[in-house]
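The block underneath contains the structure these notes are about, expressed in structure tokens.
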Amino acid sequence: MLHQSGSPLHAPVLQWYDVNARVLPWRDPSAGPWAVMVSEFMLQQTPVARVLPAYQRWMERWPTPADLAAEPPGEAVRAWDRLGYPRRALRLHAAAQAIVERHGGEVPDDHAALLDLPGVGTYTAAAIASFAFGQRHAVVDTNVRRVLARAITGVAQPTISPTAADLRLAVSALPSDEATAARWAVASMELGALVCTARTPRCADCPIRSQCAWVLAGSPPYDGPPRKGQTYEGTDRQVRGRLLAVLRSEQDAVPKKALDACWPDQVQRERALDGLVADGLVEPLPRNRYRLPA
DNA sequence: AAGGCGTGGAG
DNA sequence: TCTCCAAGCCT
């Protein structure tokens with residue numbers, strides 16, 4: 001397949017993608033926008049390998065936004081299983097309801113309309129518009145930021161959090177042709193996921209190693225501010241995870257006593273439970289009982 | 001506008 | 001073992 005584009009990076013990356021793209025269910029031409037949207041929610045901070053089984057079950061059970069919207073949010077939280085960040089399940093459910101109410105049950109193809117949906121930020125809106133509808137958008141995730149940081153800026157790692165400069169760089173790297181831009185979006189992301197990885201980049205396998213500013217500079221090590229390691233043991237996050245695991249496993253309401261058993265520190269346990277209730281992930285019932293939201 | 005928000009695999 | 005980190009979003 002021939003590719004025409006303005007940057008010398010485009011052709012090699014697009015050709016590499018033609019050969020090396022992973023076969024993923026949400027990339028199947030028959031998958032549709034809802035499949036893309038579900039996958040994008042699940043892939044926010046969760047690796048592909050762990051998403052796959054949950055995604056398959058989800059799409060089998062809820063093949064359309066209306067199917068999901070018709071069920072209580074707690075079912076979404078339960079089906080989310082252990083993907084992590086279960087607020088995403090709640091937001092996906094709320095987004096499905098908004099799609100039914102505002103868009104006749106069809107995932108909108110408009111970037112602004114997508115951005116208005118719960119749980120859809122700049123990245124996800126661009127990803128859906130590009131992957132599902134073939135539009136020209138800068139789809140800037142951590143993979144793309146890393147690829148551009150190395151190939152163009154010439155540094156080992158991108159900035160810790162996305163910046164306006166990252167977006168400008170991504171926009172400037174975008175092919176002008178719409179279809180090519182959409183292809184570039186997936187391709188450059190896939191390159192970051194498979195070759196231009198954070199830890200040990202496989203530069204020997206990289207289609208643009210001869211043009212990579214970072215490689216040409218001698219692959220200098222990262223010298224930015226230290227990245228803060230996220231501790232997990234003993235945090236409220238861990239407690240929330242344990243509480244929710246109990247509630248997911250039970251079909252009906254659970255007595256508070258059962259929740260008390262999962263964490264020794266009462267103060268922290270109460271705080272975590274209150275937080276879950278405030279987030280809408282847990283519903284308190286009379287007589288000291290709790291359940292996933294109905 | 002930093003910091004909160006889960007979970008588990010890989011090196 | 002332990003550290004890093006994986007297609008972010010929201011407040």
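Being a predicted model, the structure only gives us computed values, none of them experimental. To find a chain, count down the sequence lines: A is the first, B the second, and so on, and within it residues start at 1.
Defined by atom type and a distance below 3.5 Å, a donor-acceptor pair is missing between the side-chain atoms of A/R78 and A/S249. Side chains of A/Y123 and A/Q44: no donor on one and acceptor on the other come within 3.5 Å. Side-chain contact annotation: A/T159 with A/R145, donor-acceptor N/O pair under 3.5 Å present. No donor-acceptor contact under 3.5 angstrom links the side chains of A/Y55 and A/R50, judged on distance only.
Put simply, the side chain of A/D279 never gets that close to the backbone of A/L281: no donor and acceptor are under 3.5 Å apart.
Rounded to whole Å, the distance from CZ on A/R88 to P on B/dC5 is 15 Å. Protein atom CG of A/L92 is 14 Å distant from nucleotide atom C1' of C/dG8, rounded to whole Å. At whole-Å resolution of the value, CG in A/L52 and P in C/dA6 are 18 Å apart. Regarding A/R145, its CZ atom lies at a distance of 11 Å from the P atom of C/dA6, rounded to whole Å. Protein atom CG of A/L276 is 9 Å distant from nucleotide atom P of B/dC5, rounded to whole Å. The CG-P distance, from A/N143 to C/dA6, rounds to 7 Å in whole Å. The distance from atom CG of A/D279 to atom C1' of B/dG6 is 13 Å, rounded to the nearest whole Å. If you measure from atom CG of A/L43 to atom P of C/dA7, you get 9 Å, rounded to the nearest angstrom.
Annotation: cation-pi pair A/R227/A/Y222 present, NZ/CZ under 6.0 Å from the ring centroid and within 45° of its normal.
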Result block: side-chain N/O donor-acceptor pairs under 3.5 angstrom for residues 93-114 of chain A, not counting sequence neighbours:
residue, atom, partner, partner atom, Å
A/H93, NE2, A/E71, O, 2.6
A/R102, NH2, A/D116, O, 3.4
A/D110, OD2, A/A112, N, 3.4
A/D110, OD2, A/A113, N, 3.0

I'd like a table of donor-acceptor pairs (distance under 3.5 Å, sequence neighbours excluded) in which one partner is a side-chain atom from residues 203-214 of chain A, with atom names and distances.
residue, atom, partner, partner atom, Å
A/R209, NH1, A/C206, O, 2.6
A/W214, NE1, A/P220, O, 2.7

Would you tabulate the side-chain donor-acceptor contacts of residues 269-277 of chain A under 3.5 Å, counting partners in other chains and residues two or more places apart, or write 'none'?
residue, atom, partner, partner atom, Å
A/R269, NE, A/D260, OD1, 3.2
A/R269, NH1, A/D260, O, 3.4
A/R269, NH1, A/W263, O, 2.6
A/R269, NH2, A/D260, OD1, 3.3
A/E270, OE2, A/K256, NZ, 2.5
A/R271, NE, A/D236, OD2, 2.8
A/R271, NH2, A/D236, OD1, 2.8
A/R271, NH2, A/D236, OD2, 3.4

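Nucleic acid contact class of A/P162 (heavy atoms, under 4.0 Å, all strands): none. Using a 4.0 Å heavy-atom cutoff across all strands shown, A/L90 reaches no nucleic acid atom at all. Nucleic acid contact class of A/R50 (heavy atoms, under 4.0 Å, all strands): base. Contact annotation for A/Y232: base contact, defined as any heavy-atom pair under 4.0 Å involving a base atom. Residue contacts for A/W80: at a heavy-atom cut-off of 4.0 Å it reaches no nucleic acid atom on any strand shown.
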With the criterion being N/O to N/O and under 3.5 Å, what pairs connect the protein with nucleotides 9-11 of chain C, and how long is each?
residue, atom, partner, partner atom, Å
C/dC9, OP1, A/G121, N, 2.9
C/dC9, OP1, A/T124, N, 3.0
C/dC9, OP1, A/T124, OG1, 2.5
C/dC10, OP1, A/G119, N, 2.8

Show me the protein contacts with nucleotides 2-5 of chain C, counting only N or O atoms at under 3.5 Å.
residue, atom, partner, partner atom, Å
C/dC4, O2, A/R199, NH2, 2.9

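Within 6.0 Å of CZ in A/R287 there are 12 or fewer heavy atoms belonging to other residues, nucleotides or ligands.
A distance of about 15 Å separates the C1' atoms of B/dA1 and C/dG8, rounded to the whole Å. Across the P atoms, B/dG3 and C/dA7 are found 23 Å apart, a figure rounded to whole Å. Rounded to the nearest Å, the gap between the P atom of C/dC9 and that of B/dG8 is 23 Å.
The side chain of A/R240 approaches B/dG6 more closely than any other nucleotide in the set C/dA6, B/dG8, B/dG6. Of the candidate nucleotides B/dC5, C/dA7, B/dT7, B/dC5 has the atom lying nearest to any side-chain atom of A/Y85.
For a distance-only test at 3.5 Å, the side chain of A/T46 qualifies as a donor-acceptor partner of the base of B/dG6.
A salt bridge is defined here as a Lys NZ or Arg NE, NH1 or NH2 lying under 4.0 Å from an Asp or Glu carboxylate O, and A/R183 with A/D18 meets this definition.
Considering every non-hydrogen atom in both A/M37 and A/I128, the closest pair reads CG-CD1, 3.7 Å.
The nearest heavy atom of DNA chain B to A/T235 and to A/T200 marks one nucleotide each, and the one closer to the 5' end goes with A/T235.
For the segment residues 244-272 of chain A, residues with any heavy atom less than 4.0 angstrom from an atom of DNA chain B are, sorted by number, A/R248.
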Quiz item: Are A/R291 and A/E250 close enough, and set up right, to give a salt bridge (charged side-chain N to carboxylate O under 4.0 Å, His left out), and what steps lead you there?
Solution: CA-CA 8 Å; A/R291 68 175 177 196; A/E250 301 293 333; over 6 Å; no
